[in-house]
**Student:** 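Quick one: this structure, given as structure tokens, is what I'll be asking you about.
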Amino acid sequence: MLKKTAFATAIAAAALVPLSQAQAAEYQIDTEGQHAFIQFKISHLGFSYILGSFEEFDGQFAYDPEDLDASSAEIEVQVNSLTSNHAERDRHILSDDFLNASEFPTATFTSTGFESTGENEGVLTGDLTLHGETQEIEMPVTLMGEGDDPWGNYRAGFEGSTTLTLSDYGIDMSDFPESMHELELYVTFEGIRQ
Amino acid sequence: MLRNSRSGWGLISILFHWLSALTIIGLFALGWWMTDLGYYDPWYNQGPWVHRSIGILLLFATLVRLVWRFVQPTPRAEGSRLETIAAHLGHIILYVLVLGVMVSGYLISTADGRGISVFGWFEVPALLYDLPNQASLAGDIHWYSALALMILAGGHALAALKHHWLDKHATLVRMLNPAYSMRSDSES
């Protein structure tokens, strides 16, 4: 009897292993619960920083600790949702002086590769489309935590940041000092396993 | 003299009209100029500050002006039936555009929930904010309605000149001279 149960367990376990390796788990970024942020930080004339964020975006990622190379992420950002706590500045940033949001209302990121660089760390490579121009970027990311949440779902959360040179995306910053030609993009989000 | 009659405009209506005209044209010119200033221009922040402050004062003045317009008699329109209908319609659109420009301007500056300081004297609170894309949409409405207002105001001025030079009407003169409001109906 005992032998039989052990055998059945072994069969079941054997059957489960290939299943879990078949494909990385799909996660939906928790924008509904607002456990997801896309922020930027850019110098203001070298005096201080302007901080801002995009409030509307959606995305999903695939992540499996057993198969990190299969990790991927896809995010679509509504550019008009930009806010820097100053309506007139937001309007200026969204105008054709900078982001031209009426012509390019979305920005997207689609990963093309992932390389693990250590425990819970890696570099996500992908195509970032902003202001209608696509560039390949590398974003170092960190797994901050994963596990069951208190409400019956399974979550995994990451953070990552990268520096963008605005002229790479056809955004002309030549009227501004050198310190404003780049900005730092910071992203952190939780995904809910589907 | 201060009040309107069926024969002419009183001094209060005349002052409202010409002060509004000067302010509106001035705000349009200021707005046009200031939105093209470079980031390093000393007027980059000062221009919009003056523009917002005067705009809010004009909004208050216009509300008082509209009340005055409704409680006071309107001088008889001159010209053919078609002309007077067109004039009446034109005036309504002018008022709507003036209000539209000012309200949309207010909605740009208050889109993040912060009020507008009027020359640092007092602050007008934000009433409607955080609508999706509010600042950009209000900005577009502000610009296009201001442009339409300038074009229609040009037509308004041409019509006044036509009354004056071609039709020999008192239409333009009675917007300058409050004495017309004192004339009896038969003289007008």
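Within every chain, numbering begins at 1; the chains are lettered A, B, ... in the order of the sequence lines, protein sequences first and strands thereafter.
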**Student:** Report yes if the side chains of B:E83 and B:I85 come closer than 4.5 Å at any heavy-atom pair, otherwise no.
**Tutor:** no
**Student:** Contact part of A:H92 toward chain B, heavy-atom cut-off under 4.5 Å: side chain, backbone, both or neither?
**Tutor:** side chain
**Student:** Using every non-hydrogen atom in the two residues, find where A:F104 and A:V79 come nearest and quote the distance to one decimal.
**Tutor:** O-CG2, 3.7 Å
**Student:** With the side chain counted from C-beta on, respond yes when B:L107 and B:Y129 share a heavy-atom pair under 4.5 Å apart, and no when they do not.
**Tutor:** no
**Student:** What option among B:S136, B:A138, B:G113 has the most heavy-atom pairs under 4.5 Å with chain A?
**Tutor:** B:S136
**Student:** Output yes when a side-chain donor or acceptor of B:E78 lies under 3.5 Å from a complementary backbone atom of B:R76, and no otherwise.
**Tutor:** no
**Student:** For A:P177, is it the side chain, the backbone, both, or neither that has a heavy atom closer than 4.5 Å to a heavy atom of chain B?
**Tutor:** both
**Student:** Looking at B:G38, B:S109, B:P48, which has the largest count of heavy-atom pairs under 4.5 Å with chain A?
**Tutor:** B:S109
**Student:** Chain B heavy atoms under 4.5 Å from A:D175: which part of the residue, side chain, backbone, both or neither?
**Tutor:** backbone
**Student:** Tell me, side chain or backbone of A:L45 under 4.5 Å from chain B's heavy atoms, or both, or neither?
**Tutor:** side chain
**Student:** Is there side-chain contact between B:I14 and B:R174, with at least one heavy-atom pair below 4.5 Å?
**Tutor:** no
